[in-house]
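Any value given below was found using the heavy atoms of this structure, including those in side chains, with hydrogens, waters and symmetry copies removed. Keep in mind that this is a model prediction, so the values were computed, not measured.
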Amino acid sequence: MGAKLRVVRRRIRSVQSTKKITRAMELIASSRIVKAQSRVEASRPYAEQLTKAMEDVASRSSSIDHPLLEHREPATKIGVLVITSDRGLAGAYNANVLKIAEQHLREIRARGSEPVLYVVGKKGVGYFRFRGVPMQDSWQGFSEVPPYDKAEVVGRQLIKDFADETIDELHCAYTDFRSAFTLRATSKRFLPIAPEEVTGTARDTVPAEYLFEPEPAEILEQLLPRYVITKVYAALLESAASENASRRRAMKAATDNADDLIKVLTRQANRARQDEITTEILEIVGGAEALASAKEG
Amino acid sequence: MTVEAHLVTPEREVWTGDVQMLVAHGTEGMVGILGGHAPLLVQLAIAPLRMQLEDGAWLVAVVDGGFLHVSSDEGVTRADVLASNAELADQIDVAAARARLEEAQARAAADDELAAAEVAKAEARIVVAG
């Protein structure tokens, strides 16, 4: 076998094994999207009911006053929670959310405030550490399947920092999962909670008789942190679904590219093989002719 | 008249269905909910939650605190139990709960704040399942 043919065949084998890996990752990601989506769905009833309960309390108490609702003016220290993935190979997923985060940080600095960074996911941690941007806190190891207790850990820390004025505001940069094809890196304000979020759309059919145990203010004290944690959890779940959707898309593109490459390489290998055979035939024919002419002469 | 009960946690809907009566432990005492109950919002303790089904059988679950929210919409009484964690009695892994209890008790002895709650959660599970 000629040298050229051997080299091309070796490349084909290498691309084929890469293709097997990307194909497997594509399939794994597809099945995980479904799971992640159902987790997003499963988390909705709790979030909806909690919001309803909070609106009920707010509508029954004359004045809602809680540290988590406190609007500080001017907000000098602004917290940004960035949610990224632990693993790469997810296309532009991390790049997109980090771009939004960077834009946010620039805006904060332009306003003369000080950004305080919180990062979820190994990729984000690596990104900011490499650039020497100080992080207030970071968490990693659960980006693909975020459990609620992790959301609680993150949420509690953020609430604590907001309460003791380490931060005056909190924004979250994450990837919104609209559908498997539409992912959008966005940024939302989590703290302070806007009063209209708490009171909700004014319902004029508030029943006259409403029982609270303990007092509404005390219940609100328990409800509001839960509400914030639920929002963090929702952002983590949306991001997890987006991560998998993004990975599936990237791996599908990689598999398709490998297919194209194999096609081109196979053609090259065939041509090399034919060239070899042609050369061989020419050699034999040439040799035979030489022998024949030697006999005649 | 029945109550439409929903037992939900942030991670999943644990149980949904119509019940005759729902009995929960609030932080300030027990509450029972029958159909037609006035709107209510109660903070719950780490304790068992009992629901009497339409055939009279009792369904028992354990909730790790949270809230009981009762609302009525066009004559339908709806009770939502919002707990950070909840399990039905037949889903409780007693062996795991016992291990958790022992571990938490050891920490509680070492004066750990969170351990007391852990002890309560584990004990409630053992009581409900046993």
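Residue A/Leu223 touches chain B through both its backbone and its side chain, counting heavy-atom pairs closer than 4.5 Å. Proximity to chain A (any heavy atom under 4.5 Å) is restricted, for B/His37, to the side chain, taken from C-beta onward. Proximity to chain A involves both the backbone and the side chain of B/Ser84, based on heavy atoms less than 4.5 angstrom apart. A/Tyr233 touches chain B through its side chain: at least one heavy atom from C-beta onward sits under 4.5 Å away, while N, CA, C and O do not. Of the atoms belonging to B/Thr9, it is backbone heavy atoms, and not side-chain ones, that fall under 4.5 Å from chain A. Heavy-atom distances place no part of A/Ala47 under 4.5 Å from chain B, backbone and side chain included. The contact between A/Ser43 and chain B is made by backbone and side chain atoms together, counting heavy-atom distances below 4.5 Å.
Within 6.0 Å of the CZ atom in B/Arg98, the count of heavy atoms belonging to other residues, nucleotides or ligands does not exceed 12. Within a 6.0 Å radius of NZ in B/Lys121, more than 12 heavy atoms belonging to other residues, nucleotides or ligands are found.
To the nearest 0.5 Å, atom CD of residue B/Glu28 and atom CD of residue A/Glu215 are 8.0 Å apart. Taken from CG in B/Asn85 to CD in A/Glu152, the straight-line distance is 9.5 Å, to the nearest 0.5 Å. Distance check, rounded to the nearest 0.5 Å: CD of A/Gln222 to CG of B/Leu44 gives 11.0 Å.
Contact count against chain B (heavy-atom pairs under 4.5 Å) is highest for A/Leu50 among A/Leu50, A/Thr230, A/Leu237. The greatest number of non-hydrogen atom pairs below 4.5 Å with chain A, out of B/Leu40, B/Val70, B/Val8, B/Leu68, is found for B/Leu40.
Here the closest non-hydrogen pair linking B/His69 and A/Tyr210 is NE2-OH, 3.1 Å. Here the shortest heavy-atom pairing between B/Ala83 and A/Tyr46 reads O-CE1, 3.6 Å. Across all non-hydrogen atoms, the minimal contact from B/Thr27 to A/Pro214 is OG1-CD, 4.0 Å.
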After noting the C-alpha distance and the side-chain angles of A/Gln49 and B/Phe67, does the key distance pass the side chain to side chain contact (heavy atoms under 4.5 Å, CB included) rule? CA-CA 10 Å; A/Gln49 290 308 318; B/Phe67 305 94; over 6 Å; no
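Under the 4.5 Å side-chain criterion, counting only non-hydrogen atoms from C-beta, A/Arg226 is not in contact with B/Pro10.
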